[in-house]
Student: 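Below you'll find the structure I mean.
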Amino acid sequence: QVQLVESGGGSVQAGGSLKLSCAASVSTFSFNQMGWYRQAPGKQGELVASITSGGITNYSDSVKGRFTISRDNPKKTVYLQMNSLKAEDTAVYYCTIVGAGYWGQGIQVTVSP
């Protein structure tokens with residue numbers, strides 16, 4: 001009934017860019033706060049970016065100034081533009097409906113130093 005599918009991950013060298021997409025199969029998408037959460041082995045997971053239904057954004061200190069979250073309500077899609085990537089950004093990135101307990105399958109982002 002609720003499905004979040006990420007795409008756009010891959011491998012890049014430090015300093016490069018990637019854009020992640022999350023297609024949300026949920027009827028209430030336009031009302032939901034959406035976010036991107038990342039998890040790497042041995043590290044604390046963190047919600048790196050979120051965006052409210054009205055388009056208000058928030059970022060963790062580790063990515064602020066480099067990442068941009070956006071949404072397209074008619075397409076029920078949320079994006080994460082990642083610029084100036086660093087090796088420490090390497091992680092599995094999950095699309096999530098903030099506070100609702102729904103997560104995508106996750107997509108790998110690998111940044112080579």
Side-chain angles (χ1 to χ4, degrees):
Q1 296 129 340
V2 176
Q3 189 171 4
L4 305 172
V5 181
E6 301 97 334
S7 62
S11 299
V12 297
Q13 290 190 310
S17 298
L18 284 173
K19 187 174 184 178
L20 306 183
S21 297
C22 172
S25 297
V26 52
S27 62
T28 59
F29 179 82
S30 63
F31 301 103
N32 297 133
Q33 182 177 5
M34 304 298 297
W36 288 94
Y37 181 93
R38 71 182 182 187
Q39 179 65 250
K43 293 183 178 180
Q44 177 68 54
E46 62 177 342
L47 185 69
V48 298
S50 66
I51 183 167
T52 70
S53 61
I56 299 173
T57 60
N58 189 59
Y59 302 93
S60 68
D61 289 341
S62 61
V63 308
K64 182 168 286 187
R66 300 186 297 119
F67 291 10
T68 302
I69 188 171
S70 61
R71 66 191 298 158
D72 186 331
N73 286 343
K75 294 182 178 180
K76 295 184 177 180
T77 302
V78 61
Y79 305 94
L80 186 67
Q81 178 67 51
M82 304 183 292
N83 297 326
S84 301
L85 283 162
K86 305 174 181 179
E88 51 263 43
D89 294 318
T90 295
V92 176
Y93 286 72
Y94 299 88
C95 179
T96 184
I97 303 176
V98 176
Y102 290 102
W103 307 82
Q105 81 283 176
I107 191 163
Q108 179 70 47
V109 171
T110 302
V111 184
S112 301

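Values below: all heavy atoms of this structure, side chains included; hydrogens, waters and symmetry mates excluded.
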Student: Rounded to the nearest 0.5 Å, how far does CZ of Arg66 lie from CG of Leu85?
Tutor: 6.5 Å
Student: Applying disulfide bond (SG atoms under 2.5 Å apart), which residue pairs with at least one partner in residues 36-66 are found, sequence neighbours left out?
Tutor: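 Sorted result for residues 36-66: empty, none.
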Student: Is it possible for you to say whether Tyr102 and Val78 belong to one hydrophobic cluster, with membership spreading through side-chain heavy-atom contacts below 4.5 Å?
Tutor: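 Same hydrophobic cluster.
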Student: Please lay out, stage by stage, how Met82 and Asp89 fare under the test side-chain contact (heavy atoms from CB on, under 4.5 Å).
Tutor: CA-CA 9 Å; Met82 304 183 292; Asp89 294 318; over 6 Å; no
Student: Can you run down the ring-ring contact (aromatic ring centres under 6.0 Å, His included) pairs that involve residues 59-98, sequence neighbours left out, and say none if there aren't any?
Tutor: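 Listed by first then second residue: nothing to list.
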Student: From Phe29 CZ over to Asp72 CG, what is the distance, rounded to the nearest 0.5 angstrom?
Tutor: 8.0 Å
Student: So does Gly15 get a backbone contact from the side chain of Ser84, meaning a donor-acceptor N/O pair under 3.5 Å?
Tutor: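 No, because the side chain of Ser84 does not come within donor-acceptor range (under 3.5 Å) of the backbone of Gly15.
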Student: Honestly curious: do Val98 and Val26 fall in one hydrophobic cluster under the side-chain, below-4.5 Å linking rule?
Tutor: no
Student: Would you compute the distance between atom CE of Met34 and atom OG1 of Thr57 and round it to the nearest 0.5 angstrom?
Tutor: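 Result: 15.0 Å between the selected atoms.
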Student: Applying ring-ring contact (aromatic ring centres under 6.0 Å, His included), name anything that partners Tyr37, two or more places apart in sequence or on another chain.
Tutor: Trp103
Student: Between Arg71 and Ile51, what is the shortest heavy-atom contact and its length?
Tutor: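 Shortest heavy-atom separation between Arg71 and Ile51 comes out as NH1-O, 3.4 Å.
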Student: Which heavy atom of Gly10 sits nearest a heavy atom of Leu18, and at what distance?
Tutor: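 Heavy-atom minimum between the residues: O-CD1, 3.9 Å.
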Student: Show every disulfide bond (SG atoms under 2.5 Å apart) that has at least one partner inside residues 2-79, sequence neighbours left out.
Tutor: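 For residues 2-79: Cys22-Cys95.
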Student: What closest approach, in Å, do Arg38 and Ala91 show between heavy atoms, and which atom pair accounts for it?
Tutor: CB-CB, 3.9 Å
Student: How would you list, by chain and number, every residue that makes a side-chain hydrogen bond (donor to acceptor under 3.5 Å, both in side chains) with Thr110, sequence neighbours excluded?
Tutor: Gln108
Student: Please check if the side chain of Thr52 supplies one atom and the backbone of Gln33 the other of a donor-acceptor pair under 3.5 Å.
Tutor: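 Here the side-chain-to-backbone pair does not exist.
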Student: Flag yes if Ile97 and Val92 sit in one hydrophobic cluster, no otherwise; membership is Ile, Leu, Val, Met, Phe, Trp, Tyr, and two members link when side-chain heavy atoms are under 4.5 Å apart.
Tutor: no
Student: Which heavy atom of Val5 sits nearest to which heavy atom of Gln105, and what is that distance?
Tutor: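 In terms of heavy atoms, the two residues are closest at CA-NE2, 3.6 Å.
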Student: Could you measure the distance from the CG atom of Leu80 to the CD1 atom of Ile107? Nearest 0.5 Å is fine.
Tutor: 11.0 Å
Student: Cluster question for you: counting only ILVMFWY and a side-chain heavy-atom cut-off of under 4.5 Å, with indirect links fine, are Trp36 and Val2 together?
Tutor: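 Yes, because Trp36 and Val2 connect within a single hydrophobic cluster, where side-chain heavy atoms sit under 4.5 Å apart.
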Student: To the nearest 0.5 Å, how far apart are CD1 in Ile69 and CD in Gln81?
Tutor: 12.0 Å
Student: Could you list all the disulfide bond (SG atoms under 2.5 Å apart) pairs where at least one residue sits in residues 49-81, not counting sequence neighbours?
Tutor: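 Not a single pair qualifies under disulfide bond (SG atoms under 2.5 Å apart).
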Student: Tell me, with the steps shown, if Glu6 and Leu20 meet side-chain contact (heavy atoms from CB on, under 4.5 Å).
Tutor: CA-CA 7 Å; Glu6 301 97 334; Leu20 306 183; over 6 Å; no
Student: How far does NZ of Lys76 sit from OG1 of Thr28, to the nearest 0.5 angstrom?
Tutor: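 Taking NZ in Lys76 and OG1 in Thr28, the distance rounds to 8.0 Å.
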Student: Please find the pair of heavy atoms, one from Ser30 and one from Ser53, that lie closest to each other, and give the distance.
Tutor: O-CB, 3.1 Å
Student: What is the minimum heavy-atom distance between Val109 and Gly9, and which atoms define it?
Tutor: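 Result for this residue pair: CG2-CA, 4.4 Å.
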